[in-house]
Amino acid sequence: MTRRKRLEPVHELALEAERAAARRLADAERDAVDCQARLAQLEAYEREYRVGLQQRVADGIGAAGLRGFQSFLARLDQAVGQQRSMLERAVTAREAAREQWLALSARRRAVGKVLEQSATADRRALERREQRELDERALGSFRGSRTDEDAGRGPG
């Protein structure tokens, strides 16, 4: 079995590992984008709610209504903080997935290069072997024709 044939399964495994890492990276990217979108929605909702509160205060809101608004804003602020934390984790996970994909991609390229070099070496070895066989046949033919010539001349 040639070296190239022995390396092909290694290359296939490296390729599959790279593909799996690419899928994980895509998933992590999607999660980060989703977290960012949810954070933007929560922040927009919080801004709208604060504007609504300011309008109600200007219109003369009661103490109970003000406490309700403030309580809701506190929960909303907590939700925004939690979403920011989730976004940070998602971005960290995305970066880790990206680093893993880059490492596996580099490994797959390295294995591919070794595979190409092995294929080239195998091809050269085959060419040398074929050339040697051709040379041996030509030499055998040449020797055979020389023997025939020598036999035709007879003893001197």
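Inter-residue side-chain proximity for E12 and E8 is flagged as unmet; no heavy-atom pair is nearer than 4.5 Å. With contacts defined as side-chain heavy-atom distances shorter than 4.5 Å, the pair R19/R108 does not qualify. Looking at heavy atoms from C-beta onward, D31 lies out of side-chain contact with R94 at the 4.5 angstrom threshold.
For the atom pair CZ (R47) and CG (L42), the distance works out to 10.5 Å, reported to the nearest 0.5 Å. If you take CD on E127 and CZ on R129, they are separated by 10.5 Å, rounding to the nearest 0.5 Å. In this structure, the separation between CG on L134 and CD on Q131 is 5.5 Å, given to the nearest 0.5 Å. For the atom pair CD of Q36 and CD of Q41, the computed distance is 11.0 Å after rounding to the nearest 0.5 Å. The CG atom of D77 lies 10.0 Å from the CD atom of E43; values are rounded to the nearest 0.5 Å.
Both L53 and V80 are assigned to one and the same hydrophobic cluster, defined by single-linkage of ILVMFWY side chains at heavy-atom distances under 4.5 Å. One hydrophobic cluster holds both Y49 and L39 under the rule that ILVMFWY side chains link at heavy-atom gaps under 4.5 Å. Under the 4.5 Å side-chain heavy-atom criterion for Ile, Leu, Val, Met, Phe, Trp and Tyr, V10 and L13 are members of distinct hydrophobic clusters. Placement of L25 and V33 in two distinct hydrophobic clusters is found when ILVMFWY residues are connected by side-chain heavy-atom separations under 4.5 Å, directly or transitively.
When only modelled atom types and interatomic distance are considered, R89 and S85 share no side-chain donor-acceptor pair under 3.5 Å. Checked by atom type, the side-chain pair R123/T120 shows a donor-acceptor distance below 3.5 Å.
Between F72 and Y45, the ring planes are perpendicular. Angles over 60° get that label, and only those under 30° would be called parallel.
Between E130 and R137, no side-chain nitrogen of the basic residue sits less than 4.0 Å from a carboxylate oxygen of the acidic one, so the salt-bridge criterion is not met. A salt bridge does not link D135 to R132: none of the charged side-chain nitrogens sits closer than 4.0 Å to a carboxylate oxygen.
Formation of a donor-acceptor pair under 3.5 Å by the Q83 side chain with backbone atoms of C35 is found in this model. At distances below 3.5 Å, not a single donor-acceptor pair connects side-chain atoms of S71 with backbone N or O atoms of R67.
Pairing each heavy atom of H11 with each of V111, the nearest pair is CA-CG1, 3.6 Å. Between S105 and E18 the shortest heavy-atom distance is OG-OE2, 2.9 Å. For A14 against R107, the heavy-atom pair with the smallest separation is CB-NH1, 3.5 Å. Smallest separation of non-hydrogen atoms from L87 and A32: CD1-O, 3.6 Å. The two residues A17 and L104 make their nearest non-hydrogen contact at O-CD1, 3.6 Å. Residue L76 comes nearest to E46 through the heavy atom pair CD2-CA, 3.4 Å, listed as atom of the first residue, atom of the second, then distance.
Heavy atoms of other residues, nucleotides or ligands lying less than 6.0 angstrom from CZ of R38 number more than 12. Heavy-atom contacts from other residues, nucleotides or ligands closer than 6.0 Å to CZ of R56 number 12 or fewer.
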